[in-house]
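What follows is a set of notes on a single structure, which appears directly below.
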Amino acid sequence: MHAYRTHKCNDLRASDAGQTVKIAGWVHRKRDHGGLLFLDLRDHYGLTQVVINNDNPLFEAVEKLKLENVISVTGKVVERTDETKNSKLPTGEIEVKLEAYELLSAPVTDMLPLQVNSDEPYGEDVRLKYRFLDLRREVLHRNIVLRCDVISSLRRRMLEQGFREFQTPILTASSPEGARDYLVPSRVHPGQFYALPQAPQQFKQLLMMSGFDRYFQIAPCFRDEDARADRSPGEFYQLDIEMSFVTQDDVFAAIEPVMYDVFEEFSGFTGTKWDVSKPPFVRIPYDESMLKYGNDKPDLRNPLVIADVTEVFARPDVEFKAFKTMIEKGGVVRAIRAPAVFDKPRSFFDKLNSWAQGEGAPGLGYIIFESEGGNNGTAAGGGKGPIAKFVPAEAQAELRRLCGIETGDALFFICDLPAKAAPFAGLARTKIGEEMDVIEKNIFKFCWIVDFPMFEINDRTGKLDFSHNPFSMPQGGLEALEKQDPLTIKAYQYDIVCNGVELSSGAIRNHLPEVMEKAFAIAGHPKEILQEKFGGMYNAFKFGAPPHGGCAPGVDRIVMLLANEPNIREVIAFPMNQQAQDLLMGAPSKVDAQQLKDVHIKLDLPKTQVKAAS
RNA sequence: GCGGGUGUAGCUCAGCUGGUUAGAGCGCCUGCCUGUCACGCAGGAGGCCGAGGGUUCAAGUCCCUUCACUCGCGCCA
């Protein structure tokens with residue numbers, strides 16, 4: 001017989017009755033009846049009930065076994081009587097009658113800091129410090145298995161499409177753009193540092209210039225920025241993709257089936273089968289997304305949309321002063337149509353109004369289009385609500401036309417400077433959708449956001465800057481850069497969004513040195529910077545670079561969506577906490593003086609932290 | 001860096017306008033129990049109420065400071 005097991009804890013059925021078997025695993029739960037003891041043995045695969053009674057000389061010893069001890073049990077498989085079968089368990093038809101057992105782990109003596117056999121919610125610090133216990137628990141264990149399966153599915157689908165997986169360096173050069181780098185001091189070159197890659201961006205482009213045509217990698221990315229619920233601190237994984245001789249449409253056509261198929265494959269993970277929007281995914285220009293959804297990652301499960309109605313409130317016959325004053329200052333008015341809410345109680349509108357005030361807005365004005373009214377201005381507008389009396393019938397008719405109002409609908413208004421009105425309207429859209437309970441359930445809705453602006457004004461400096469990434473190809477090429485107002489130039493830059501989560505950004509790259517020089521010049525960077533900071537790639541552009549592009553969907557976020565988890569740490573085996581500490585391994589940590597000396601580092605700590613580091 | 005929330009037994013939490021000896025469930029220990037499957041029953045141990053300071057006759061509760069965790073903002077080409 002095998003040293004540890006002949007079967008796994010999910011294997012045995014009634015048909016195995018009579019066999020002598022050995023199973024191994026953790027003591028999941030004990031039910032001690034005095035003369036009779038049940039013990040659930042758990043491994044990765046499942047649970048099997050072990051039984052022993054007090055005519056067995058081992059009874060006392062087994063009775064003393066603590067939860068989470070690792071044991072192997074040898075015994076005979078016995079079919080249970082009909083009344084004692086457990087239909088909730090795949091192995092519930094049988095039990096193993098213990099004849100011998102062996103303690104395989106060191107005996108557990110301390111109190112368990114968290115109970116493996118319970119789904120009680122625990123504080124995250126405890127869960128992270130004892131991650132190995134948390135990972136034994138059903139929910140997290142399943143999430144990590146899902147992650148493994150999603151990753152191998154992604155790999156298989158990419159390989160099937162003719163992509164090859166490459167490795168790129170982990171120790172590389174710091175890049176001036178983007179997030180803060182993690183730095184690694186060089187021993188050999190005093191005072192110089194490697195950086196961990198924020199993404200293999202330049203390497204994957206260089207692989208295209210090296211003629212490999214189709215690249216992918218499940219790539220670790222490192223960024224020293226603060227965490228969010230959907231943003232793991234320190235490191236995360238991307239399905240990094242790059243292709244040569246492609247247009248934007250070719251990239252979309254390559255990625256869409258991968259995303260669709262993977263989501264379709266795992267969309268039943270939560271126990272309910274979710275629908276997945278079919279390719280081709282909806283394409284929404286950035287400007288349209290900002291207007292209609294108030295952000296660049298719209299949740300299309302929410303059917304509400306935002307419209308611009310500034311022209312209506314600018315009309316001379318509309319006398320709503322609060323909006324008029326703002327419009328004169330360059331403000332805009334945005335409206336959200338809420339279908340068929342005329343019979344909602346007053347509290348529905350009041351609640352939204354006080355929500356808006358809580359968000360720092362003066363309020364959330366609205367008009368309820370209660371009756372038909374006159375579309376030609378001859379009768380009253382039919383509108384009701386605090387703003388309605390300032391908007392005469394003709395203007396109300398105009399609002400009806402602009403927003404597609406049907407009688408019984410309401411319009412909510414947001415008025416502010418454009419940069420504030422759009423995001424606030426986006427928040428209001430979400431809030432109203434939630435309050436109306438119109439957000440679709442059990443569906444993954446994908447879209448592409450396209451035509452991102454190439455440049456934007458940097459708030460801090462007031463100067464032009466790349467709005468996304470300096471490697472994107474401007475639409476219109478060199479000619480656009482030379483002739484167009486930079487702020488009107490779009491890039492071949494796109495995001496994949498699913499249910500309001502930004503899964504990926506990508507671009508057709510700028511592979512022409514001349515165009516890149518011009519783009520950098522507009523962003524205020526001389527040619528020398530390009531040479532100095534991106535020398536390797538800049539040189540490659542001069543020696544035959546194919547047109548290329550790609551994208552990089554976030555693996556953690558894909559798994560998070562599929563697992564329907566609100567927090568990204570629920571799909572990472574060993575995540576760091578929000579302060580970027582690994583509570584299990586104790587990272588970051590102090591190092592020996594000699595180690596610092598080896599890499600030529602002298603500490604210069606902020607005063608408040610001197611004590612902690614000494 | 002900033003703002004919100006939380007911090008009470010090993011764990012999850014309750015503890016009202018300040019008022020005797022700070023509670024519950026799970027876990028742990030002891031005893032009873034031969035068909036449970038979240039087994040049951042009886043008993044028990046376990047608390048510097050995150051830390052420091054203050055107000056008060058009296059502080060888990062009020063005030064100040066600080067720390068930890070968490071959510072968000074900044075940040076994330």
Side-chain angles (χ1 to χ4, degrees), chain A residues 28-42 47-56 59 63-64 66-68 78 80-89 91-92 95 97 108-130 133-134 175-181 198-199 201-202 221-234 236 358-360 423 427 452 454-456 458-460 465-472 491 493 502 505 507 519 523 525 533-534 552 554 566-567 569 577-579 581 583 606 608 612:
Chain A
H28 186 65
R29 195 171 269 131
K30 281 191 311 187
R31 290 175 295 280
D32 189 347
H33 291 240
L36 174 75
L37 172 73
F38 299 103
L39 184 154
D40 293 336
L41 200 62
R42 180 196 74 238
L47 287 176
T48 300
Q49 176 165 284
V50 173
V51 64
I52 180 171
N53 60 36
N54 61 0
D55 57 17
N56 187 321
F59 186 85
E63 209 176 19
K64 288 207 172 78
K66 301 249 195 284
L67 299 186
E68 295 310 310
V78 181
R80 303 195 204 175
T81 61
D82 282 347
E83 318 86 72
T84 61
K85 282 180 180 165
N86 183 353
S87 57
K88 285 187 260 174
L89 228 51
T91 60
E95 60 199 356
K97 208 164 167 80
V108 175
T109 51
D110 291 351
M111 194 99 84
L112 290 169
L114 58 83
Q115 284 160 244
V116 175
N117 63 19
S118 126
D119 54 6
E120 203 173 350
Y122 288 93
E124 266 216 291
D125 37 354
V126 176
R127 293 181 55 202
L128 291 176
K129 184 168 178 190
Y130 299 96
L133 290 178
D134 199 17
S175 134
E177 297 288 330
R180 205 173 291 114
D181 285 319
Q198 296 180 24
Q201 179 68 34
Q202 294 189 63
C221 304
F222 306 90
R223 296 178 190 176
D224 186 3
E225 296 294 349
D226 290 330
R228 290 287 182 279
D230 65 349
R231 212 165 75 204
S232 169
F236 60 98
E359 295 291 316
L427 290 178
F452 276 81
M454 183 81 189
F455 300 101
E456 66 186 9
N458 184 317
D459 287 340
R460 281 191 309 263
D465 209 345
F466 292 110
S467 63
H468 233 79
N469 123 17
F471 309 120
S472 301
Q493 165 89 44
E502 182 193 319
S505 68
H525 307 301
K533 301 292 186 187
F534 305 102
N567 191 304
R569 292 185 293 272
N577 68 8
Q578 201 178 11
Q579 280 72 241
Q581 296 165 303
L583 299 177
T608 49

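Here is how names work: the chains are called A, B, and so on, in the same order as the sequence lines, proteins then strands, and each is numbered from 1.
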For nucleotides B:G10 and B:C73, find the distance between their P atoms and express it as a whole number of Å.
36 Å
Once you round it to whole Å, what is the distance between P of B:A9 and CG of A:L112?
18 Å
Separation of B:G72 atom P from A:L427 atom CG, nearest Å, is 13 Å
Base, sugar-phosphate or nothing for A:N54? Non-hydrogen atoms, less than 4.0 Å.
base
Does a distance-only test, which skips hydrogens and angles, find a donor-acceptor pair under 3.5 Å between the side chain of A:R231 and the base of B:C75?
yes
With heavy atoms under 4.0 Å as the rule, sort A:K533 into base, sugar-phosphate or nothing.
nothing
Is there, by distance only and without an angle test, a donor paired with an acceptor across the side chain of A:N86 and the base of B:C37 below 3.5 Å?
yes
A:F534 ring center within less than 6.0 Å of A:F471 ring center:
yes
Do the side chain of A:R223 and the base of B:C76 come within less than 3.5 angstrom through a donor-acceptor pair of N or O atoms?
no
What N/O pairs connect the protein and nucleotides 29-31 of chain B at under 3.5 Å? Give each pair on its own line.
{"residue": "B:C29", "atom": "OP1", "partner": "A:K66", "partner atom": "NZ", "Å": "2.7"}

Expressed as a whole number of angstroms, how long is the span from A:E63:CD to B:U36:C1'?
14 Å
List in chain and number order the residues that pass salt bridge (Lys or Arg N to Asp or Glu O under 4.0 Å) with A:E68, two or more places apart in sequence or in another chain; answer none if no residue qualifies.
A:R42, A:R136
Sticking with atom P, work out how far B:U30 lies from B:A45, rounded to a whole angstrom.
15 Å
Are A:N53 and B:U34 close enough that a side-chain N or O sits under 4.0 Å from OP1 or OP2?
no
Drop me the distance from A:E502's CD to A:D230's CG, to the nearest 0.5 angstrom.
9.5 Å
Quick one: label A:Q198 by what it contacts on the DNA or RNA (base, sugar-phosphate, nothing), any heavy atom closer than 4.0 Å.
nothing
For B:C39, does OP1 or OP2 lie under 4.0 Å from any side-chain N or O of A:R31?
yes
Listed nucleotide nearest any side-chain atom of A:E120, set B:U12, B:U70, B:U36
B:U12
Does B:A68 have OP1 or OP2 sitting under 4.0 Å from an N or O in the side chain of A:Q579?
no
Which nucleotide in B:C76, B:U70, B:G74 has an atom nearest any side-chain atom of A:R228:
B:G74
With sequence neighbours excluded, residues passing side-chain hydrogen bond (donor to acceptor under 3.5 Å, both in side chains) with A:T81:
A:T84
Give a yes or no on whether A:D55 atom CG has more than 12 heavy-atom contacts from other residues, nucleotides or ligands under 6.0 Å away.
yes
Between atom CD in A:E124 and atom P in B:C11, what is the gap in whole Å?
16 Å
Measure the distance from NZ on A:K88 to P on B:A38 and round it to the nearest whole Å.
4 Å
Can you tell me, in whole Å, how much space there is between the C1' of B:G1 and that of B:C63?
26 Å
What is the distance, rounded to the nearest whole Å, between atom CG of A:L67 and atom P of B:C26?
14 Å
Can you find a donor-acceptor pair, distance only, under 3.5 Å between A:R80 side chain and B:U36 base?
yes
Shorter than 3.5 Å, N or O on both sides, protein versus nucleotides 6-8 of chain B: list them out with atom names.
none

Between the base of B:C39 and the ring of A:H33 - centre-to-centre under 5.5 Å, planes within under 30° - is that a stack?
yes
Is there a side-chain contact between A:L41 and A:H28, using heavy atoms and a 4.5 Å cut-off?
no
Using a cut-off of less than 4.0 Å, is there contact between a side-chain N or O of A:N567 and OP1 or OP2 of B:C71?
yes
Heavy atoms under 4.0 Å, any strand shown: does A:Q581 hit a base, just sugar-phosphate, or nothing?
sugar-phosphate
Taking the P atom of each, how far is B:A51 from B:C11, in whole Å?
14 Å
For A:Q115, answer base if it contacts any base atom (sugar-phosphate contacts may also be present), sugar-phosphate if it contacts only those atoms, and nothing otherwise; contact means non-hydrogen atoms under 4.0 Å.
base
Ion pair present between A:K30 and A:D40, side-chain N to carboxylate O less than 4.0 angstrom?
no
For the pair made of CG in A:D226 and P in B:C71, what is the distance, rounded to whole Å?
12 Å
If the condition is salt bridge (Lys or Arg N to Asp or Glu O under 4.0 Å), which residues does A:D181 pass it with, not counting sequence neighbours?
none
Restricting to non-hydrogen atoms, name the atom on A:F452 and the atom on A:Q493 that form the minimum distance, rounded to 0.1 Å.
CD1-O, 3.3 Å
Just to be sure I understand: a Watson-Crick pair is purine N1 to pyrimidine N3 plus N6-O4 or O6-N4, both under 3.5 Å. Using that and G-U wobbles, which stems of three or more pairs involve RNA chain B?
B:1-7 with B:67-73, B:10-13 with B:23-26, B:28-32 with B:40-44, B:50-54 with B:62-66
In whole Å, what separates the C1' atom of B:A22 from that of B:A14?
11 Å
Hey, does A:R569 reach any base, or is it just sugar-phosphate, or nothing, if we go heavy atoms under 4.0 Å?
sugar-phosphate
For B:U21 versus B:C26, give the span between their C1' atoms, rounded off to a whole number of Å.
25 Å
P atoms of B:U8 and B:G44, separation to the nearest Å:
25 Å
Span that lies between the C1' atom of B:G15 and that of B:U6, in whole angstrom
16 Å
